[in-house]
Amino acid sequence: MVVEGIVYRYRVGIPWRDLPECFGPWQTVWKRHRRFSGDGTWDKVLTALLAHADGAGLIDWEVSVDSTINRAHQHATNLPRDTGGPVELHESAPGAA
C-alpha cells in the first residue's frame with residue numbers, strides 16, 4: 001500500500017499531507033519514498049522494468065533530436081550580468097589581430 005501511495009501521489013500531483021488515509025499515514029509513505037530514493041531502490045526498479053520491457057520488445061529505442069534554441073530574456077536569470085568590455089562591445093581582445 002505504501003508504494004501505491006507513492007505512485008498515487010505523483011500521478012495526482014498532490015502534497016504529501018493530502019494523501020488519502022487508505023494508503024496509511026502520509027509520514028510513513030513519505031519516509032519510505034525518501035529512503036528508496038536515497039538508497040537507489042527506485043533506480044533498481046526502473047532498471048529491472050526497462051530490462052523486462054526491452055526483452056519483451058515493448059520499447060522503441062529510436063530517438064529524435066532537434067536543434068531548437070530557446071533564449072531567455074536577460075532578466076530571466078539569477079546570475080549577475082557583466083556589462084561593458086570587449087565581449088559586450090563586440091571588439092577584439094587586446095593583442096588579437
Side-chain angles (χ1 to χ4, degrees):
M1 288 308 293
V2 172
V3 174
E4 289 291 329
I6 295 168
V7 172
Y8 178 83
R9 189 261 179 186
Y10 278 102
R11 186 179 63 228
V12 177
I14 58 173
W16 287 107
R17 291 181 185 263
D18 293 341
L19 195 65
E21 293 179 10
C22 64
F23 298 113
W26 70 266
Q27 296 93 338
T28 303
V29 179
W30 175 79
K31 285 178 187 176
R32 186 73 51 90
H33 169 65
R34 182 176 169 158
R35 187 180 314 139
F36 285 175
S37 296
D39 67 7
T41 300
W42 290 129
D43 295 330
K44 293 174 188 173
V45 169
L46 177 62
T47 302
L49 288 172
L50 285 175
H52 180 71
D54 191 32
L58 300 174
I59 297 179
D60 181 14
W61 291 103
E62 188 173 317
V63 178
S64 175
V65 178
D66 68 6
S67 60
T68 303
I69 298 174
N70 293 315
R71 297 176 188 253
H73 188 270
Q74 65 185 5
H75 298 143
T77 67
N78 292 332
L79 301 174
R81 185 167 178 259
D82 183 27
T83 58
V87 174
E88 194 70 29
L89 298 175
H90 302 289
E91 296 175 356
S92 298

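The same ILVMFWY cluster, assembled from side-chain heavy atoms under 4.5 Å apart, contains both W42 and Y8. A chain of hydrophobic side-chain contacts below 4.5 Å, direct or via other Ile, Leu, Val, Met, Phe, Trp or Tyr residues, connects V3 to F23. If you chain together hydrophobic residues whose side chains sit under 4.5 Å apart, L58 and L46 never meet in one group. In the hydrophobic clustering of this structure, V12 groups with I6; members are Ile, Leu, Val, Met, Phe, Trp, Tyr whose side-chain heavy atoms approach within less than 4.5 Å, directly or through other members.
Scanning both residues, H33 and Y10, for their nearest heavy atoms gives NE2-OH, 3.1 Å. Pairing each heavy atom of D18 with each of I14, the nearest pair is O-CD1, 3.5 Å. Heavy-atom minimum distance, W26 versus W16: CB-O, 3.1 Å. G5 and L19 get closest at one heavy-atom pair: O-CD1, 3.5 Å.
Residues D54 and W61 have side chains in contact (heavy-atom distance under 4.5 Å, counting atoms from C-beta outward).
Atom CD of E4 has 12 or fewer heavy atoms from other residues, nucleotides or ligands within 6.0 Å.
The CZ atom of R32 sits 10.0 Å away from atom OG1 of T41, with the distance rounded to the nearest 0.5 Å.
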